[in-house]
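What follows is a single structure, written as structure tokens, with notes after it.
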Amino acid sequence: MAYWLFKSEPNKWSWEDQLAKGKSGEEWDGIRNYQARNFMREMKLGDRGFFYHSNIGLEVVGIVEVCKTIHPDSTTDDPRWECVDIRAVAPVPNPVTLKAVKANPKLADMSLVTSMRLSVQPVKPAEWAEVCRMGGLDPKSV
DNA sequence: GCCAACGTTGGC
DNA sequence: GCCAACGTTGGC
């Protein structure tokens, strides 16, 4: 299983919005960046991801999973843009802030730190476990 | 609201 | 194919 990180501005699409969609999930549309799209193409059903609030909050607030693999983005007619669907799995009991990520030497190479502007990012298994631990989650249970 | 980083566009 | 101009993202 692979791990990812999804960024969203909470005033546009928040963790609460995602939670409200429940098990059916929601299209992760609006991505207009090739790198981000290419990562979504690599995603498989059941892959896990962090849900990160950018701009407001600046913290990892939830765990999501990929519930539909790559398909055309319904918000555009441009065939270049595709996306996956994700659904909420669990909230993070103690949201992990960007500040805390930056302060943790183990996470110095995380894309969140090194590729600040990328809106869909891969997360290494060790980083996944570390952020889960910081958030108060057992990595084995999510 | 500012501005740095960086991706994209378009003229040549 | 280069590179300057421009637009967007996102932390601060």
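These numbers were taken from a predicted model, which means no experiment stands behind them. Here is the naming used below: chain letters follow the sequence lines, and residue numbers restart at 1 for every chain.
Under 4.0 angstrom from either OP1 or OP2 of C:dT9 there lies no side-chain N or O belonging to A:Lys7.
Scanning atom types as modelled, one donor and one acceptor separated by under 3.5 angstrom connect the side chain of A:Arg117 and the base of C:dT8.
Contact between A:Ile31 and A:Arg37 at its shortest, heavy atoms only, is CG2-N, 4.1 Å.
The distance between atom CD1 of A:Ile56 and atom P of C:dG11, rounded to the nearest whole Å, is 11 Å. Residue A:Gln35 contributes atom CD, which lies 6 Å from atom P of B:dG7 at whole-angstrom precision. Atom C1' of nucleotide C:dT9 and atom CG of A:Asn33 are separated by 10 Å, given to the nearest angstrom. When the P atom of C:dG11 is taken as reference, atom NE2 of A:His53 falls 12 Å away, rounded to whole Å. In this entry the distance linking CZ of A:Arg32 with P of C:dT8 reads 13 Å, nearest Å. Distance A:Leu118 CG to B:dC6 P: 11 Å, rounded to the nearest Å. Whole-Å rounding puts the A:Trp13 CH2 to C:dT9 P distance at 18 Å. Summarising the geometry, the separation between CZ on A:Arg37 and C1' on B:dG7 is reported as 14 Å, rounded to the nearest angstrom.
Between the side chain of A:Gln121 and the backbone N or O of A:Ser115 there is at least one donor-acceptor pair closer than 3.5 Å.
In this structure, of C:dC12, C:dG10, B:dT8, it is B:dT8 that holds the atom nearest to the side chain of A:Tyr34.
The residue A:Lys102 sits close only to the backbone: its heavy atoms come under 4.0 Å of sugar-phosphate atoms, none of a base.
Heavy atoms of other residues, nucleotides or ligands lying less than 6.0 angstrom from CG of A:Asp77 number 12 at most.
Outside the 6.0 Å centre-distance limit, the rings of A:Trp15 and A:Tyr52 are not counted as a close aromatic pair.
Nearer the 5' end of DNA chain B, as judged by each residue's closest nucleotide, is the contact made by A:Asn55, out of A:Arg80 and A:Asn55.
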